[in-house]
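Let me begin by presenting the structure, written as structure tokens, before commenting on it.
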Amino acid sequence: MPIQYYIYLSLALFSIGIIGVLTRRNAIIVFMCVELMLNAVNLLLVAFSKMHHGVALATDPATTAGIDGQLFVFFIMVVAAAEVSVGLAIIVMMYRNVHSVDINFLNRLKN
Amino acid sequence: MNAIILSALLGVVMMFSGIITNNKSVLKYIAAAGLLLLIAANLLDTYALFKININTHGLLSFEKFGLYFNTLAFGATLVYVCLSGSDIEKAGINVAEYFALIFFVLCGISILSGFNGLLMLFLGIEILSIPLYILTGADKRNLKSNEASLKYFLMGSFTTGIMLMGIALFYGATGSFALNAPAIIPTTGGINPSFLQVAALLLLFVAMAFKVSAAPFHFWTPDVYDGAPGVFTSFMATIVKAAGFIAFIRLFQSQSVVLGPTWKIILSFVIIATLLIGNITAVFQQSVKRMLAYSSIAQAGFMLFALFAGNDLAREGIILYSVAYSLATIGIFAVLIKMSDYTFDGFNGLAKKHPVLAFTTTIFLLSLAGIPLTAGFFAKYYMLAAVVKEGGALWLVIIALFFAAVSVYYYFKVIQAMYFKEGDAETTEITGAFKTGLVLLAAFVILIGIWPSIILNGFYF
Amino acid sequence: MSKFVYLVPLFPLIGFLINGLGRKAMTKSMISIIGCGVMLASFVVSVLVFFDVKEHGATVVNLFSFIKAYSFQVPFAFQVDQLSSLFLLIITGIGFLIHLYSAAYMHEEEEQHFGRYFAYLNLFVFSMLLLVLGANYVIMFIGWEGVGLCSYLLIGFWFKNDQYNYAAKKAFVMNRIGDLGFLLAVFWLIFKLGTVSYGDVFANIDKLSDLDITAITLLLFVGAMGKSAQLPLYTWLPDAMAGPTPVSALIHAATMVTAGIYMIARSNILYTLAPVSQTVVAIVGLATAIFAATIALKQNDIKKVLAYSTVSQLGYMFLGLGVGAYTGAVFHVMTHAFFKALLFLGAGSVIHAMHHEQDIRKMGGLKKHMPITHITFLLACLAIAGIPPFSGFFSKDEILMAAYNSNPLYYYVGMAGALMTAFYMFRLYTMTFLGSFRGTHEQEHHLHESPSAMTIPLIVLAVLSVLGGFVGIPEVFASDAHSLEHFLAPIFAESAKIQHGHHLSHTQEYMMMGVSTILIIGIILFAVSKFKKTQAQQTESSGIAKLLENKWYVDELYDTVIVKPLHLLSVFLKNIVEKSGIDGAVNGVGKLVGYGSRQLRLLQSGQVGNYLLIMVMIMIVFVLIWFNDLTIMNFLKKLF
Amino acid sequence: MIPVFLILLPLLTGIVGFFIKEDNAAKGWALLSAVLTLVVAIAGIYFYPSIQQSFDSAWLPALGSRFTLTMDGMSKMLVLLTAVSFPLIFLATYKNRYKNAGSFYALMLLTQAGLMGVFVANDALLFYFFWELALIPVYFLCSLWGGEKRIAATFKFFIYTFVGSLMMLAGILYLYFQTADHSFAWQSFYAVQMEPSQQSLIFWLFFVAFAIKMPIFPFHTWQPDAYEQSPTATTMVLSGVMVKMGIFAVVKWLIPFFPAAADKYAQIIIVLSVVGMLYASLIAIRQDDIKRLIAYSSIAHIGLMSATLFTNSRVGLEGVMIQMFNHGVNVIGLWIVADAIEQQLGTRKLSELGGLAQKAPVLAILLVVMAFANIALPLTNAFIGEFLMFNGLFSYNIWIAAIAGISIILAAVYTLNMVQKVFYGNTTVVTENAIDISGHIKLALVVLVVVVIALGVYPQPMIDLTKDTVGATMAGK
Amino acid sequence: MSITEILFFFLSALAVFSAIMVLVSRNPVHSVLWLIAVFFAISGHYILLNAQFLAIVNLIVYAGAIMVLFLFVIMLMNLNKETERNKHIWMKLAGAVSGGCFLMVLVSLVRQASDFQEKTALMGTGDIGLIKNLGKALFSDFVVPFEISSVLFLSAMVGAVVIGKKE
């Protein structure tokens, strides 16, 4: 599969994530969109990993080139999990205080 | 490596010490002792006396520059703990956990000063950021703190996304996460670097600019610094930010070949925007805390010069700048935290009530403004000198100097409030030890202002 | 003896210091003894110097190096020659008399003011002596400004009166305008020749181009115009009459105002080589002579009449200088010093007697009350009117003859002026001394002759006024009798070489003298008869008379043309340019920063969405900038 | 060693001064320190010239900056001016009451240390340090002890001059990287050969800094406000000594480094300066506040100096040299009088004053001498300077000299205006109960008057003192 | 068109469609469910790319754990109703346009970059994605970051405790 397709797909998902972050007001949805962005990156990394592996495979059949890409995905997932736990905790804390998760509502701090 | 392991361990120790005692001063002493230990361990590492040797497979590299920065960062943290440690309880009751988080942040800093690939950069930044999200929201019943925390978190994770996209594209272009890897895919134009690598670096640049609050990616800074409990703002705005710069420079210095001349245009745009927004917006702030937030943006503008110049002088300069800026800001925040009113009016008449506080604050403010005989002067001096040495960007230096003059305006507003205005600056209890600490710190700031080599020689000895 | 010439200015300086510093500690008599004593000492030395010069000729006495900066240097040196020694005599001699007179005249003042007065007066004499003795233009300038200072101090002596203070300030400022010209001339000399010493300058005169000489002489003349109250810078002198009368006599008649003449006489060779400047000098002098004379016709203040008369007489002197009659001018300086000092002192005596009443319309018939004053005054009037054989006749005649030689028109106009002089002087004399007293009874009751300290100087000066002319008997009467000319010949020798004198025939000269004398006598008789019966009541004058009474409205003209616009400009600069313009621009930068701050703050809206939106937008912009050579736009166009 | 003493003495005594709580002790301490400094200065310059006049020690080896102090003629003269001024200032304002007198005098002494440093530093970075060190204490002095609008006025002054010094810093940095040995030493800077086109920008960077300090038109607007609002003792320092920093810097740091640019832009600067002279003089005519009047008068005088600096004339430069000293002495004298009046009568408004000559004859006489020195009457010190300077200006351009000469007339107008309004005429409500000045002011003024006259009659020592600087500066041309 | 291609396009379409649905859904619960759909689609892609381990981990961690956590929180807050008020229309438009521009700019960049012409991602073959190989690499070359990520978790844990603990 041409690598461009993966790039386009990934960028599309990433951009959809961005659009989501920019257009939604619900903090949880915004956060979900961030997760979507991360997943787009994951997909791209895996695709690149396979691309590099393919290139290396042509010369060295025992190569493990490209494995770092997949491992990076693994670490991204780790971080994402940690972030989610903290992020949701913060959102819940916020909700407890103001009974809303509307990010437009967050404007005590400005100017 | 010593520092990374020990700081993580110390984090755990602090965590558990919370179970044993809840006495804040005991915790403070434990933390201070831990920091001393950390400094010692790091120094041992620096001089190759005792090293925990772990094969990092090239993911981390510990050279003098990074290790020296670690020492300074830990030292600054020690100063911070000594001055503001007892005020941490103002933020919330979980003092032990806060100290633990601070140690985790230091772990992240140690990684950032030694990363050798994008993976460790990513991990380091996350280890740095996640505790900060928490610390920002530490004052749980304070809506501002909540808001700051959520804002910081949302924007931070968004930026993480951007950064990861950059890393992915970088990986696509080079096939590696290592910084020194050349583009494995030959470029069409011969000398042109891979487009995707450049685009990747651009996205990484945006992400790093966000972390060091360079405009126009600075928006989180005022709100978060303002909303976070004062003690943690102090920590975030100084040591953490300096670490961000170290990472920034580490990342981009290795890529100078890849970055074309356009890089400088974009960078100078960012520098000017940062100086402009930081300085100009600070002028009309009513709250000293918020003013300091903007001022930290402004100072970031100066620190970006190191990136712009990218020479030896810049490397020395960024260290000196970090120290000068951090010490002065820690000092001011230590005083600010003691105030019951964070607005400028809250400082009215401080000179009468607490002349020592006012005097030392004045020294710190002068240092931030870059007045000679204080550390801040040589910090700015090195930054500008680095740029001038590269040649051709004198106009940028002149613009920067103009903004330095603007910065005098808002820094001196504090001095005016303290000395020239009548008022009853209410503070919490000021101990003699605190005053002594401030005086020592101020003396050190002046000492650096006269002999900057006491910091810079650390590179060579 | 010449090497002790420094004693001449030193004595008055000592007097100044003693009187100035110790004025509170000393009694009036001590003060006056010191004040007069130093003058007498100075006079004695001057006499000795004079005879020394007469015998041994000129010398330059070097005292010390005043300024020495590289090649340029100004020595503090004194020029002792015929011209300066003559002036020394006039200054110290008349100075002494006036000091003596002052001791009595100022006796009503308190001790400290009395001391102050003598200190100023001594300082003035010191400055004037410096002016005259200086061996270069810088030392002359020191004296030049010094006398201006003393004039300022003395005009404003009664400093409680603001009117007087304005007059003093006016005198100083107008003098400064002239001084600027003087200074520029000096700079010009330094620029071209690198020296200011008379000897060096006159020796190197061939190094100067015609333009240089003309410019330098004209600039010097500007200085002279200020100091010697020539058109258009004369208006300060009548106002200067605010000072005590002896001061007017010494400074504003006999000595200081003749500094300009001294200076031009000193620089005669330069002027002789600059015909344009000479013409300017002559015309300005003549115009001043006639202009001031017209004003004097209708003045009612006894001192004002004398002041305008002084201006007018100074004009004659400049006419003389302008037509090359340097000796004549100096001669007139001398005789004028005698009779004008006498006139002022006489007026002072009158004022003293009248209890500071100066309006001649309120006087009259003083003849019988003050005989000595009357006689001496009359003699002075005759001298100034130019009746032979009084001193004024000889000097004025010499100038007018030279003027005729140069241009007959000068002579006719000058003659008209002389007639006017005779008219207003005798108008003054008649209204003051003849007829009946028009003042109050109380004043009349107190009328008395002045004490001897005042009358003795009058008498001495009267003698000099009468006989002083005989040092300069014109050739027409006796050949080689002009002893002054002989004496001064070395000074003007260079000029004389260049000047080609064609002389009038003796008959013509006799005829002109005769006609003028007859005319003057006629005018005098007319004036005496016209004003003898003056009554106390005043009539509103109109037409030209009113114009003259108001001094041609020159003061008002200056006020409108120069003073007021200057003040308006000042206010404009202060309130508009400085406040709104320059400072406004500076504050504007600050305001701009403040405005920017308030606007930029709005960017920090507090909305996370906005922040991120801006970030994304900037990111896109960065990509576009970075890859602008990749024609992303073209691709985008294709896309749609 | 002398320059080190000159800096350290006020610096250390100043720091000690902060801890003196008792007002009179602080005054005495400051006076003692200032007198000691004066003694050291005079002894070092005149009596023991054999003692080392320079000092050199390592400071920042990594940067190529050394702690190098030297004294050439101009430095000596300005050091002397600084040393002379401070005791007189302390003396003249001895009776003035300051809250926290200890801090006040301490800051004054720190200012003195900074000034001394500026005048003797031979290393650009060091020079910059002292340049700022002299400024900061003044900021506090004016803001803490100044008049009603002190905070705004001082702030403007501070930011204005700070902008200038930052410009200079940029220039210094640029030059530094042009030096062959990467050093801040004066000699290294001097040896830099720059293209004329390169010189231009750096020249202006330096010049603006110095022009603000002097100040010359149109960079002067901080000055009247600052002078008016500062406590008079500080104003004396500001106008008497501090403005000389700008001129000093032009002679020592600007003209030798950028001869080509100095020639190229001489015309602009001279015209600006001359315009400033007339402008300031005209404004001074309508000032009602004595302090503002003196301030504008000072601008006019400085304008002449700055114009002459660029005329490339040896004699003119010599004039500038001695005028630096003389202007300092004269303007301090005027301030002392202004302060004496203000302290006693509580007003500085000309319109409210009058007739003081009756009440305070001694003050009147001393002021009149000072006033005439201000308008450069011959036999006062200012005459020599102005005379030489006008010579320089004249040799540059006749018309400019003539136009500048108008200021001589205007100076007479405003100065005499002041004398008249303050001292002459009848007493007013304010001056009715005035008494004459007391001993310490009298002493200070008499000393000044003696200096004024002595240097007016025999200026040669001053000329000789600064000859070498003038020679060196002109030799570079 | 081979089966791989068909699957690729199907999964891509599914992913994009689901992603769009995430952000247009008014109900947060629906958003979560659509996001899970995206994850499934992406996991499908992983399988296509022969990265089975990641595919499984993705499902377990993301779809299984994280999204459940989200759902849990949403339920906790009782947000399953359509409570979210709309953003201002201009802000929405600006957000969409910016995101679109971002996509277009990057896509155009990729299109013009010659780097990836003719490059393909290896489908089906290549065994680096197998758990054996990944595990070996993880515990040899990548052991340091692996250990360090424990610090991350630790701090996240401490953080969650600090935030969540009642005072």
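Chain letters run A, B, ... following the sequence lines, proteins first and then strands; every chain starts at 1. The basis for the numbers below is simple: all heavy atoms, side chains too, and nothing from hydrogens, waters or symmetry mates.
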Spacing of A:Asn97 atom CG and B:Glu147 atom CD [to the nearest 0.5 Å]
11.5 Å
Separation between NE2 (A:His52) and OG1 (B:Thr174), nearest 0.5 Å, reads 6.0 Å
Could you tell me which portion of B:Ile162 (side chain, backbone, both or neither) has an atom closer than 4.5 angstrom to a non-hydrogen atom of chain A?
both
Side chain, backbone, both or neither: which part of B:Phe153 has a non-hydrogen atom closer than 4.5 Å to chain A?
side chain
Any idea which of A:Asp68, A:Ile3, A:Val34, A:Ile18 has the most non-hydrogen atom pairs under 4.5 angstrom with chain B?
A:Asp68
What verdict does the side chain to side chain contact (heavy atoms under 4.5 Å, CB included) test give for B:Met165 and A:Leu44, after you've listed the backbone C-alpha separation in whole Å, the side-chain angles of each residue and the deciding distance to 0.1 Å?
CA-CA 8 Å; B:Met165 181 48 97; A:Leu44 188 57; 3.7 Å; yes
Which residue out of A:Ser49, A:Ala65, A:Ser10, A:Ala27 racks up the most heavy-atom pairs below 4.5 Å with chain B?
A:Ser49
B:Glu126 portion near chain A, given a 4.5 angstrom heavy-atom threshold
side chain
Can you tell which of A:Ala89, A:Gly17, A:Gly69 has the highest number of heavy-atom pairs within less than 4.5 Å of chain B?
A:Gly69
Name the region of B:Tyr294, side chain, backbone, both or neither, that has any atom closer than 4.5 Å to a heavy atom of chain A.
side chain
Please round to the nearest 0.5 Å and tell me the distance separating atom CD1 of B:Ile167 and atom CG of A:Leu45.
8.0 Å
Of all pairs that satisfy salt bridge (Lys or Arg N to Asp or Glu O under 4.0 Å), the ones with a partner from residues 218-232 of chain B, not counting sequence neighbours
B:Lys151-B:Asp223, B:Asp223-B:Arg290, B:Asp226-B:Arg290
Let me confirm one number: the OH-CG distance from A:Tyr95 to B:Leu150, rounded to the nearest 0.5 Å.
14.0 Å
Looking at A:Met94, A:Glu35, A:Glu83, which has the largest count of heavy-atom pairs under 4.5 Å with chain B?
A:Glu83
A:Tyr8 OH: over 12 foreign heavy atoms closer than 6.0 Å:
yes
Measuring from A:Ile76:CD1 to B:Leu119:CG, what's the distance to the nearest 0.5 Å?
9.0 Å
Check whether the ring centres of A:Phe75 and B:Phe122 lie less than 6.0 Å apart, and answer yes or no.
no
Distance (rounded to the nearest 0.5 Å) between B:Ile134 CD1 and A:Ile90 CD1
5.0 Å
So does B:Lys144 have more than 12 non-hydrogen atoms from other groups sitting under 6.0 Å from NZ?
no
Please report the C-alpha distance between A:Phe72 and B:Tyr171 in whole Å, then the side-chain angles of each, then the deciding distance to 0.1 Å, and finally whether the ring-ring contact (aromatic ring centres under 6.0 Å, His included) criterion is met.
CA-CA 10 Å; A:Phe72 204 109; B:Tyr171 178 66; 8.0 Å; no
Among the listed options B:Ser145, B:Gly137, B:Pro222, B:Ser157, the residue most often paired with chain A at heavy-atom distances under 4.5 Å
B:Ser157
